[in-house]
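All remarks here apply to the structure that follows.
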Amino acid sequence: MPSVTTTSRPSASAIGRPTATGTADQDPARFAAQVRMYAGRAGVSPQLLMAILYNESYKPHDPAFERAWQRIKPDAAFGVANMHKAAFDETKKGRDFADRSWQELPDDPGLAIEAASWYLHDLAAGLPARWTAPYSRNELLALGYNAGPANMQAFARGVKPGATAQSYLDRLRAHWATAGHVTQSRG
């Protein structure tokens, strides 16, 4: 069973609010403080979480856009961390945000970051003690975030990632240094 951590619930704030032109600032660096806080509470690397947010920043994270897209693609992911409903619903069990809804993710970046942190925590619990694949722990967790826990375990056993998962890993590596700098220098 996942550990339970009591946290204060951040509200949707000016962070990520659309600008006068109607587009939201898409640079995940604006969430550095929340990333450090929630990654720390979940016991995961803030650099990993930030690199994942960079990977997931490929689409506009505007609440209206996300809800419109969901009408076209019902299995779409929500929030700045692009979390699917099933992953959110499983992750929230026993946690301080258990009463929250996946539908809130587009409006509450803090909730999305908190849920992503705990999802990474849960993925880490599913990693084998040793693996034969040439990936670091953080790379396997990122692959799990993208492709799911069963695929993460297969990759740990040496199964080669497909094109989509490999592309995700390549982008994670490309964002790694920036994610580290942002999580160390932003207030």
Side-chain angles (χ1 to χ4, degrees), residues 10 13-19 23-63 65-66 69 73 76-84 87-88 91 105-106 108-127 131 133-149 151-156 159-187:
S13 65
I15 295 175
R17 185 174 292 156
T19 63
T23 59
D25 174 8
Q26 292 299 305
D27 186 353
R30 70 192 188 277
F31 302 120
Q34 290 171 304
V35 164
R36 282 191 305 273
M37 178 178 68
Y38 288 122
R41 290 178 182 174
V44 297
S45 163
Q47 186 173 7
L48 170 63
L49 180 56
M50 182 59 77
I52 286 172
L53 291 183
Y54 273 104
N55 270 22
E56 300 298 344
S57 68
Y58 65 89
K59 74 176 187 183
H61 292 294
D62 174 74
F65 173 83
E66 289 189 59
W69 184 249
K73 187 177 179 189
F78 269 178
V80 297
N82 279 337
M83 185 168 265
H84 289 275
F88 178 80
T91 300
L105 293 180
D108 192 341
L111 175 62
I113 293 166
E114 181 178 21
S117 298
W118 285 107
Y119 185 58
L120 288 167
H121 170 272
D122 295 348
L123 286 169
L127 278 174
W131 51 87
Y135 306 114
S136 70
R137 177 180 190 272
N138 286 330
E139 289 173 334
L140 284 171
L141 291 174
L143 286 167
Y145 192 90
N146 176 250
N151 285 320
M152 176 188 73
Q153 291 169 358
F155 300 146
V159 172
K160 185 175 169 73
T164 302
Q166 185 60 54
S167 173
Y168 195 86
L169 183 59
D170 293 344
R171 286 184 288 127
L172 182 93
R173 289 171 176 161
H175 293 134
W176 194 254
T178 300
H181 175 74
V182 166
T183 55
Q184 292 174 7
S185 65
R186 291 278 178 127

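All heavy atoms count here, side chains included; hydrogens, waters and symmetry mates do not.
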Under 3.5 Å, is there a donor-acceptor pair between the side chain of [X] and the main chain of [Y]?
{"X": "Ser117", "Y": "Ile113", "value": "yes"}
{"X": "Glu139", "Y": "Leu169", "value": "no"}
{"X": "Arg36", "Y": "Thr183", "value": "yes"}

Find the distance between [atom1] ([X]) and [atom2] ([Y]) and round it off to the nearest 0.5 Å.
{"X": "Arg41", "Y": "Glu114", "atom1": "CZ", "atom2": "CD", "value": "7.5 Å"}
{"X": "Arg171", "Y": "Glu56", "atom1": "CZ", "atom2": "CD", "value": "7.0 Å"}
{"X": "Leu123", "Y": "Arg137", "atom1": "CG", "atom2": "CZ", "value": "10.0 Å"}
{"X": "Asn146", "Y": "Ile52", "atom1": "CG", "atom2": "CD1", "value": "9.0 Å"}
{"X": "Gln166", "Y": "Leu143", "atom1": "CD", "atom2": "CG", "value": "7.5 Å"}
{"X": "His84", "Y": "Thr91", "atom1": "NE2", "atom2": "OG1", "value": "12.5 Å"}

Counting only heavy atoms not in Trp176, do more than 12 fall under 6.0 Å of its CH2?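 Counting other residues, nucleotides and ligands, CH2 of Trp176 exceeds 12 neighbours.
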Looking at [X] and [Y], what are the two nearest heavy atoms and their distance?
{"X": "Pro106", "Y": "Pro63", "answer": "O-CG, 3.3 Å"}
{"X": "Ser45", "Y": "Asn138", "answer": "CB-OD1, 4.0 Å"}
{"X": "Ala179", "Y": "Gln47", "answer": "CB-O, 3.5 Å"}
{"X": "Ala51", "Y": "Leu172", "answer": "CB-CD1, 3.5 Å"}
{"X": "Ala156", "Y": "Leu140", "answer": "N-CD2, 3.8 Å"}
{"X": "Ala39", "Y": "Leu49", "answer": "CB-CD2, 4.1 Å"}

Given Tyr145, which of Tyr168, Phe155, Tyr119, Trp118 fulfils the ring pair (Phe, Tyr, Trp, His ring centres under 6.0 Å) condition?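 Exactly one candidate clears the test, Tyr119.
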Compare all side-chain heavy atoms of Leu111 with those of Phe88 and state whether any distance is below 4.5 angstrom.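 Heavy-atom side-chain distance check passes, below 4.5 Å.
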